[in-house]
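Below is one structure; the comments refer to it alone.
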Amino acid sequence: MTGRVVLVGAGPGDPELITVKGARALAEADVVVYDRLVAPVLLDLAPPGAHRMYAGKEPGRQAMSQHEIGLLLVQEAASGHVVVRLKGGDPFVFGRGGEEMLACEEADIPVEIVPGITSAVAAPAAAGIPLTHRSVARSFAVVTGSTAHAEDTVDLTRMATATDTLVVLMAAGKLLETCATLIRAGRPGSTPAAVVQWAWTDDQRTVVGTLDDLATLAAAANIGPPATLVLGDVVGVPRSVAPVRDPHPAVRSGVDRTPPG
């Protein structure tokens, strides 16, 4: 009997942000193949007898290659199992979900998609930063910092001034280089910018500054991966409520984030 693969987005860190459909898929799983940024408590939603397999990746190290993950999904489903591929954020936003879907389709394995809340919108929201705001920003774009400076990939110089708000995922490792590239491409150094580490977890930290000084501030605060960079005038929009999961005060420079009143 042929099983199936369900690509499930786990959301951005807080286990309560998984969708109802994603939780239901976990409850029906025989096998769960999960990533590094998945909240561990989500694995408890699978039946006690389900086989849990780690396939996480981190800078410079990975438990399995992407090819091996694709083979694993196909083999387990071909054995008649319901396989949940549990991925942080959304499977189709820099999560290689498209590659895993194609691997299943090429092997005639049924595959379902359960979208998740991507960190591209969740990380800024966790720090109280709206990606769009009336009269401030009416467009945003998302790129990945892990390949933004490599040849034949995303050209940051084209993105620098093409959108009101720019979000750079996986930005910690190349934050200084990214900010410098954007400034050289025409984005003013005075542009408000923030970096959010471990969004929607108890370890969340936010550093707020400008393109000119954000990398220095982040280094002083020991910001590392996983972290999301967001830049644009929306970073300077005052907020009247504290973010839900930001127990540490933001490091500030050049941007007034004082609530009105």
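These values consider heavy atoms only, across backbone and side chains, with no hydrogens, waters or symmetry-generated copies.
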If every non-hydrogen atom of Gly236 is compared with every non-hydrogen atom of Pro192, which pair is closest and at what distance? N-CB, 4.1 Å

Identify the two heavy atoms, one from Leu175 and one from Ala218, that lie closest to each other, and give their separation to 0.1 Å. CD2-CB, 3.5 Å

Between Thr191 and Gly232, which heavy-atom pair has the shortest distance, and what is it? CG2-N, 3.6 Å

Tell me the closest heavy-atom pair linking Thr201 and Gly13, and the distance in Å. CG2-CA, 4.2 Å

At their closest point, which heavy atom of Leu42 faces which heavy atom of Pro15, and how far apart are they? CD2-O, 3.6 Å

If we ignore hydrogens and angles and just use 3.5 Å, is the side chain of Glu177 paired with the main-chain N or O of Lys174 as donor and acceptor? no

Which atom of Arg158 lies closest to which atom of Ala162, heavy atoms considered: O-CB, 3.3 Å

Shared hydrophobic cluster for Tyr54 and Val8 (ILVMFWY, side-chain gaps under 4.5 Å): yes

Could you go through the side chain to side chain contact (heavy atoms under 4.5 Å, CB included) check for Leu182 and Leu211 one step at a time? CA-CA 8 Å; Leu182 293 170; Leu211 273 181; 4.2 Å; yes

Do Met53 and Leu43 share a hydrophobic cluster, counting only Ile, Leu, Val, Met, Phe, Trp and Tyr and linking them when any side-chain heavy atoms are less than 4.5 Å apart? no

Without swapping roles, check the side chain of Arg36 against the backbone of Gly88 for a donor-acceptor pair under 3.5 Å. no

How far does CG of Leu86 sit from CD1 of Ile18, to the nearest 0.5 angstrom? 5.5 Å

Does the Ser79 side chain pair with the main chain of His81, one donor and one acceptor, at a distance under 3.5 Å? no

Before you tell me yes or no, could you show the steps for Leu169 and Val143 under side chain to side chain contact (heavy atoms under 4.5 Å, CB included), namely the whole-Å CA-CA distance, both residues' side-chain angles and the distance that decides it to 0.1 Å? CA-CA 6 Å; Leu169 303 179; Val143 298; over 6 Å; no

So, do Asp44 and Leu26 sit near enough that their side-chain heavy atoms are less than 4.5 Å apart? no

Would you call Asp164 and Val136 a side-chain contact if the rule is heavy atoms closer than 4.5 Å? no

Evaluate the criterion side chain to side chain donor-acceptor pair (under 3.5 Å) for residue pair Ser139 and Thr163; output intermediate values, then yes/no. CA-CA 6 Å; Ser139 63; Thr163 186; 3.3 Å; yes

Say you draw a straight line from CZ of Arg85 to CG of Leu72; how long is it, rounded to the nearest 0.5 Å? 8.5 Å

Which distance, rounded to the nearest 0.5 Å, do you find between the OG1 of Thr181 and the CG of Leu156? 6.0 Å

Between the main-chain N or O of Ala185 and the side-chain N or O of Arg187, is there a donor-acceptor pair closer than 3.5 Å? no

Interatomic distance, CG@Leu7 vs CG@Asp90, rounded to 0.5 Å, equals 10.0 Å

Quick one: do Arg4 and Glu28 make a salt bridge, cutoff under 4.0 Å? yes

Under a 4.5 Å side-chain heavy-atom rule over Ile, Leu, Val, Met, Phe, Trp and Tyr, are Val234 and Val167 clustered together? yes

When you compare the side chain of Val33 with that of Val84, does any pair of heavy atoms fall below 4.5 Å? no

Between Val74 and the options Val111, Ile109, Val5, the side-chain contact (heavy atoms from CB on, under 4.5 Å) test singles out Ile109

Do the side chains of Leu45 and Val31 join up, straight or via other hydrophobic residues, at under 4.5 Å, putting them in one cluster? no

With a 4.5 Å heavy-atom cut-off, do Val195 and Thr206 have their side chains touching? no

Donor-acceptor pair, side chain of Ser119 and main chain of Gly89, under 3.5 angstrom: no

With a 4.5 Å limit on heavy-atom distance, are the side chains of Phe140 and Leu166 in contact? no

Nearest 0.5 Å please: distance from the CZ atom of Arg138 over to the NE2 atom of His133. 10.5 Å

Kindly say whether Trp200 contributes a backbone atom to a donor-acceptor pair with the side chain of Asp14 at under 3.5 angstrom? no

Would you compute the distance between atom CD of Glu105 and atom CG of Leu102 and round it to the nearest 0.5 angstrom? 6.0 Å

Taking the side chain as everything from C-beta on, heavy atoms only, tell me whether Leu17 gets closer than 4.5 Å to Pro12. yes

Answer whether the closest heavy-atom distance between the side chains of Val235 and Val230 falls below 4.5 Å. yes

Counting distance only, does the side-chain N/O of Asp35 pair as donor-acceptor with the main-chain N or O of Leu37 below 3.5 Å? no

Would Leu217 end up clustered with Leu231 when hydrophobic side chains under 4.5 Å apart are linked, directly or stepwise? yes

Does the Asp203 side chain pair with the main chain of Trp198, one donor and one acceptor, at a distance under 3.5 Å? no

Is the shortest side-chain heavy-atom distance between Phe92 and Ile113 below 4.5 Å? yes

Apply side chain to side chain contact (heavy atoms under 4.5 Å, CB included) to Cys104 and Met101, showing your working. CA-CA 5 Å; Cys104 293; Met101 177 186 68; 5.9 Å; no

Checking Asp213 against Thr216 for the side chain to side chain donor-acceptor pair (under 3.5 Å) test, could you report, in this order, the C-alpha distance in whole Å, the side-chain angles of both residues, the deciding distance, and whether it holds? CA-CA 5 Å; Asp213 62 14; Thr216 300; over 6 Å; no

Spell out, as yes or no, whether a donor-acceptor pair under 3.5 Å connects the side chain of Lys87 to the backbone of Gly9. no

Do Gln197 side-chain atoms and Gly224 backbone N/O form a donor-acceptor pair below 3.5 Å? yes

